[in-house]
S.K.: 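I'd like to ask some things about the structure below.
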Amino acid sequence: MNNSITVAANGAEVKKRRKFLSRWDAPLAGYLFISPWLIGFFGLTAYPMFLSLYYSLTDYTLLEPIKWIGLRNYTRIFTDDPRFTQSVKVTFQYVLASVPLKLVAALLVATLLNKAMKGISFYRTAVYFPSLIGGSIAVSILWRNIFGVDGIFNEILSIFGIVGKGWITNPGSALWTLILLTVWQFGSAMVIFLAGLKQIPNDLYEASSVDGANKVLQFFKITLPMLSPIIYFNLIMGVINSFQMFTSAFVITNGGPMNSTYVYALYLYERAFSRYELGYASALAWIMLVMIVVVAAIIAGTSKYWVFYETDTGGKKRK
């Protein structure tokens, strides 16, 4: 009898051990499947980020040994660096102008393309295509030629008797040429808006038409509230991308004229790869990260007042 009790106890223990080990079988398999992503994340993202945080607290110039200086880089940036202030000012001007204009253009075009018409797939592809090449150096060079003194834009103006100017070489208009280039690349946001428009039930528009609502009222009372989560997503992504804008400013204007297009990423690049002040540039990069996080947090904090979801009940504020 004692033997049978011992065997039963051993069997229960083995069964319990197998049950315990079985909990780790699936996670181990899962980790193996996502191991390429994990290797990429820790090796190409997390490690460089923490390394740059360490460099931001050092005097690192590639030409001399790394020297720990604590918060001296940050103190210097905020107290004795007028170019930092200028680059932040230009960057915020660029973000505040380009992001809303890009969202408006994307939404309007998506609304126009949300129609059942012949050849609509071709039109959607043609509108999306500039976003595939918009960030390239070739397009930036083309844009510089278009808005130059002898560019095609001034030639078009001359047809109407308007004397053009050097739009890129003029401090008052140079930044707007970069903003216009960004707005022209609205294809990605447009595709997301288009997907959101197709999810809005037709019954809402039909019911509102019966109640006498016209197209404008339907747009503001149905389309915009139903698309508010999509607008929120595109707004966050647009802000993040705009803060990091570099290629067009570097190729088209190189920060000029008179630092009117001297965006933050261009200043960071100059510190890192022209002056080889990698520690200082790392500090600038972390300040950029903090700025993006703060702006994104402000947008997220205010979203409860203008973003509506299907789970929201009418007339009740979300907490």
Side-chain angles (χ1 to χ4, degrees), residues 21-62 65-66 68 73-74 91 94-95 98-99 102 106 128-140 182 185-196 229-230 232-251 263-297 299-300 303:
L21 292 176
S22 65
R23 297 180 182 178
W24 298 95
D25 291 342
L28 180 60
Y31 287 131
L32 289 176
F33 277 114
I34 66 172
S35 58
W37 180 88
L38 290 175
I39 294 172
F41 173 75
F42 287 107
L44 302 177
T45 302
Y47 175 71
M49 280 185 62
F50 286 107
L51 193 61
S52 71
L53 180 60
Y54 166 72
Y55 286 153
S56 71
L57 303 173
T58 64
D59 183 11
Y60 181 30
T61 62
L62 280 181
I66 299 176
W68 178 268
N73 283 331
Y74 294 94
T91 301
Y94 173 80
V95 172
S98 64
V99 174
K102 186 175 181 178
Y128 178 72
F129 184 72
S131 294
L132 298 177
I133 62 173
S136 66
I137 295 178
V139 170
S140 297
T182 302
Q185 304 166 25
F186 62 79
S188 298
M190 182 271 296
V191 169
I192 298 175
F193 276 133
L194 189 58
I230 308 296
Y232 174 55
F233 173 80
N234 279 333
L235 177 60
I236 291 291
M237 297 305 297
V239 167
I240 294 173
N241 292 331
S242 295
F243 266 103
Q244 302 176 77
M245 191 274 287
F246 169 76
T247 303
S248 56
F250 178 70
V251 175
V263 293
Y264 195 92
L266 186 60
Y267 179 48
L268 193 157
Y269 170 85
E270 178 186 299
R271 283 286 185 174
F273 301 106
S274 295
R275 303 186 185 184
Y276 300 106
E277 298 177 359
L278 298 185
Y280 197 86
S282 297
L284 289 172
W286 277 93
I287 293 174
M288 174 189 283
L289 175 62
V290 172
M291 288 192 298
I292 294 174
V293 169
V294 169
V295 174
I299 296 173
S303 65

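Computation of the quantities below employed the complete heavy-atom set of this structure, encompassing side-chain atoms and omitting hydrogens, waters and symmetry-equivalent molecules. Bear in mind that the values here come from a model prediction, so they are computed numbers and not experimental data.
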S.K.: Which heavy atom in Tyr47 sits nearest to a heavy atom in Gly43, and how many Å separate them?
M.R.: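 So the two residues come closest at CB-O, 4.2 Å.
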S.K.: Specify the closest pair of heavy atoms between Val263 and Ala249, including all atoms of both residues, with the distance to one decimal.
M.R.: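 Smallest interatomic distance, heavy atoms only, reads CG2-CB, 3.8 Å.
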S.K.: How long is the straight-line distance from CD1 of Ile292 back to OH of Tyr264, given to the nearest 0.5 Å?
M.R.: 9.5 Å
S.K.: Within a reach of under 6.0 Å around CZ of Phe246, are more than 12 heavy atoms found that belong to other residues, nucleotides or ligands?
M.R.: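 More than 12 within 6.0 Å, yes.
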S.K.: Just list the side-chain donor-acceptor pairs under 3.5 Å for residues 281-290, sequence neighbours left out, or say none.
M.R.:
| from | atom 1 | to | atom 2 | distance (Å) |
| --- | --- | --- | --- | --- |
| Ser282 | OG | Leu278 | O | 2.8 |
| Trp286 | NE1 | Ser52 | OG | 2.9 |

S.K.: Quick one: CZ on Phe250 to OH on Tyr269, what's the gap to the nearest 0.5 Å?
M.R.: 4.0 Å
S.K.: Are side-chain N/O atoms of Tyr74 and Ser56 paired as donor and acceptor at under 3.5 Å?
M.R.: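 Tyr74 vs Ser56: donor-acceptor pair found between side chains.
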S.K.: Ignoring hydrogens and geometry, is there a side-chain-to-backbone donor-acceptor pair from Asn73 to Thr58 under 3.5 Å?
M.R.: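 Such a contact is found between Asn73 side chain and Thr58 backbone.
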S.K.: Looking at every heavy atom in both Val295 and Val239, which two are closest together, and how far apart are they?
M.R.: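 Scanning both residues completely, I find the closest heavy atoms to be CG1-CG1, 3.8 Å.
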S.K.: How many angstroms lie between atom OH of Tyr31 and atom CH2 of Trp37, to the nearest 0.5 angstrom?
M.R.: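 Going from the OH atom of Tyr31 to the CH2 atom of Trp37 covers 11.0 Å.
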S.K.: Give, for atom OH of Tyr60 and atom OH of Tyr54, the distance between the pair rounded to the nearest 0.5 Å.
M.R.: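 Answer for the OH-OH pair, Tyr60 versus Tyr54, is 10.0 Å.
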S.K.: For the residue pair Tyr55 and Ile66, establish whether any side-chain heavy-atom pair is separated by less than 4.5 Å.
M.R.: yes
S.K.: For Glu277, what residues pass the salt bridge (Lys or Arg N to Asp or Glu O under 4.0 Å) criterion, not counting sequence neighbours?
M.R.: Arg271
S.K.: What distance do Asn241 atom CG and Lys102 atom NZ have between them, rounded to the nearest 0.5 Å?
M.R.: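 Between Asn241 CG and Lys102 NZ, I get 6.5 Å after rounding to 0.5 Å.
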S.K.: Determine the minimum heavy-atom distance between Ser242 and Val99, stating which atoms define it.
M.R.: OG-CG2, 3.3 Å
S.K.: Show the nearest heavy-atom pair for residues Phe193 and Ile230, with the distance to one decimal.
M.R.: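 For Phe193 versus Ile230, the nearest heavy atoms are CD2-CG2, 3.6 Å.
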S.K.: Has Ser98 got a side-chain atom pairing as donor or acceptor with Thr182's backbone, closer than 3.5 angstrom?
M.R.: no
S.K.: Let me confirm one number: the CE-OH distance from Met245 to Tyr94, rounded to the nearest 0.5 Å.
M.R.: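 Going from the CE atom of Met245 to the OH atom of Tyr94 covers 4.0 Å.
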